[in-house]
Colleague: 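Dropping the structure in here first, questions after.
Predicted model, so just to flag it, every value in this text is computed and none were measured. Lettering of chains follows the sequences in order, A, B, ..., and the numbering in each one begins at 1.
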Number of protein chains: 2
Amino acid sequence: MPGPHKWQQRFRTHVSRWTVPREVILDLLSRTSKHMSAKEIYASLYKMYPGIGLTTIYRTLDLLMRTGFINKFTIGDGQSRYEFKSGKKKEHHHHLTCIKCGKIIDYSDFMDEELEFVKKTEETLSKRHNFNVLGHNIEFYGLCEKCK
Amino acid sequence: MPGPHKWQQRFRTHVSRWTVPREVILDLLSRTSKHMSAKEIYASLYKMYPGIGLTTIYRTLDLLMRTGFINKFTIGDGQSRYEFKSGKKKEHHHHLTCIKCGKIIDYSDFMDEELEFVKKTEETLSKRHNFNVLGHNIEFYGLCEKCK
DNA sequence: ATATATGCAAAGGATTTGCACGGTT
DNA sequence: AACCGTGCAAATCCTTTGCATATAT
């Protein structure tokens, strides 16, 4: 078990045990800007941490999503993808996906209007439906330059 | 093969052959307000049209999505869901999902702001990335009243 | 010491593919 | 007649579950 870590505190208060798999998975996601699938995370971690199991990755990702550390989304290619929720406005983005070749483009323009729209919607949905809103996914899809 | 149908024309110009499975699937989706999965569509059609295959349903849904008749989306329970794109403002909606029990709430409020936001985003994304934007999915997720 | 997390193997499901037959144009 | 669409069965692929072991607190 590595030494003290920046998330350990927050993690303990929300969840429970701070373990190596949980640290390395969260650490990996916080460092990449990619939308990683469970398999990709597995492949990436295997180098540093052979012996880690895919099952643990799925379980940890689910836990991290439920506790608000990461976002989960699906973009039609059959596998779920995950990304770190940084909280920094800069790093927040949405997706534009090609339904033919699977290409994903991140965009983070219009954030001022979008942010306002999203915030307002979240608040109202929370109240109206008594939901604890944890996150959102906004996706536009279509055919990219090459595929259309 | 049923008689002439309201979509036949539009379908032919965009796609190709007008067949029974294609008609019944599109017809079913146009009549329901549910977010149906392939399996549910299969079960629903089986009564009227025994002998239809699940494979055909998947292939037809994919075709209908690619040609802009329906929307496809996923909400975390592992299966894709489909809904008719009516074009009518009233019927347009987005989703609020509980990540624990899987409950889906449709909401169609804020449509004026949202519509403007969506339209503007679509236009800009189309230009900037040279995309043919076919649709969008906006989802908020969290814990519902019972699960939080 | 005790409750929780992990890893492996197997199970479960959704979706896709190959191929011969049938239906549209 | 030619080509496209369909249906079945098998194959794939992602994700979840059962259970014995290892680990955090």
Colleague: Taking the six-membered ring for Trp and the full ring for Phe, Tyr or His, determine whether the centres of F73(B) and H95(B) are under 6.0 Å apart.
Modeller: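 F73(B) vs H95(B): aromatic centres under 6.0 Å.
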Colleague: Please report, rounded to the nearest Å, how far the C1' atom of dG5(D) is from the CG atom of L63(B).
Modeller: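 Atom-to-atom, L63(B) to dG5(D), this comes out as 10 Å.
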Colleague: Will you find, in the side chains of N71(B) and Y141(A), an N or O donor that is under 3.5 Å from an N or O acceptor?
Modeller: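 Distance-only check passes for N71(B) and Y141(A).
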Colleague: Quickly work out the D62(A) CG to dC14(D) C1' distance and round it to whole Å.
Modeller: 14 Å
Colleague: Assess R10(A) against F69(A): is NZ or CZ under 6.0 Å from the centre of the six-membered ring, and within 45 degrees of the ring's axis?
Modeller: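 Judged by the rule, R10(A) and F69(A) form a cation-pi pair.
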Colleague: To the nearest 0.5 angstrom, please state how far the OH atom of Y82(A) sits from the NZ atom of K72(A).
Modeller: 4.0 Å
Colleague: Starting at atom CD of E40(A), determine the distance to atom P of dT15(D), rounded to an integer number of angstrom.
Modeller: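 For the pair E40(A) CD and dT15(D) P, the rounded distance is 11 Å.
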Colleague: Rounded to the nearest angstrom, tell me the gap between atom CZ in R12(A) and atom C1' in dT25(D).
Modeller: 8 Å
Colleague: Could you state the interatomic distance from SG (C98(B)) to NE2 (H129(A)), rounded to the nearest 0.5 Å?
Modeller: 13.0 Å
Colleague: Within the 3.5 Å criterion, strictly below it, is a donor on H93(A) or E83(A) matched to an acceptor on the partner's side chain?
Modeller: yes
Colleague: Rounded to whole angstroms, how far apart are CD1 on I25(A) and P on dA5(C)?
Modeller: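 Atom-to-atom, I25(A) to dA5(C), this comes out as 13 Å.
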Colleague: Contact class for S80(A) vs. all strands (heavy atom < 4.0 Å): base, sugar-phosphate, or nothing?
Modeller: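 Sugar-phosphate only.
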Colleague: Strictly below 4.0 Å: does Y58(A) bring a side-chain N or O up to OP1 or OP2 of dT16(D)?
Modeller: no
Colleague: Report, one pair per line, the protein and nucleotides 19-23 of chain C atoms (nitrogen or oxygen only) whose separation is under 3.5 Å.
Modeller:
| unit_1 | atom_1 | unit_2 | atom_2 | d |
| --- | --- | --- | --- | --- |
| dG23(C) | N2 | R17(B) | NH1 | 2.3 |

Colleague: For the residue pair Y46(A) and Y42(A), categorise the inter-ring angle as parallel (less than 30°), tilted (30 to 60°) or perpendicular (more than 60°).
Modeller: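 Y46(A) and Y42(A): tilted rings.
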Colleague: Determine the sole option in I57(A), T32(A), T60(A) for which the side chain to side chain contact (heavy atoms under 4.5 Å, CB included) test with I41(A) is passed.
Modeller: I57(A)
Colleague: Would you indicate, yes or no, if dT6(D) has its OP1 or OP2 atom less than 4.0 angstrom from a side-chain nitrogen or oxygen of R22(B)?
Modeller: yes
Colleague: Tell me the interatomic distance from L61(B), atom CG, to dT15(C), atom P, rounded to whole angstroms.
Modeller: 10 Å
Colleague: Do any of residues 41-56 of chain A sit with a heavy atom less than 4.0 Å from DNA chain C, and if so which?
Modeller: Y49(A), G51(A), I52(A), G53(A), T55(A), T56(A)
Colleague: Salt-bridged, E40(A) to R81(A), with N to O below 4.0 Å?
Modeller: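 Yes, E40(A) and R81(A) are salt-bridged.
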Colleague: What is the distance, rounded to the nearest whole Å, between atom OH of Y82(B) and atom C1' of dT15(C)?
Modeller: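 About 8 Å, once rounded to whole Å.
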Colleague: Nearest whole Å is fine: how far is dT15(D) P from K39(A) NZ?
Modeller: 9 Å
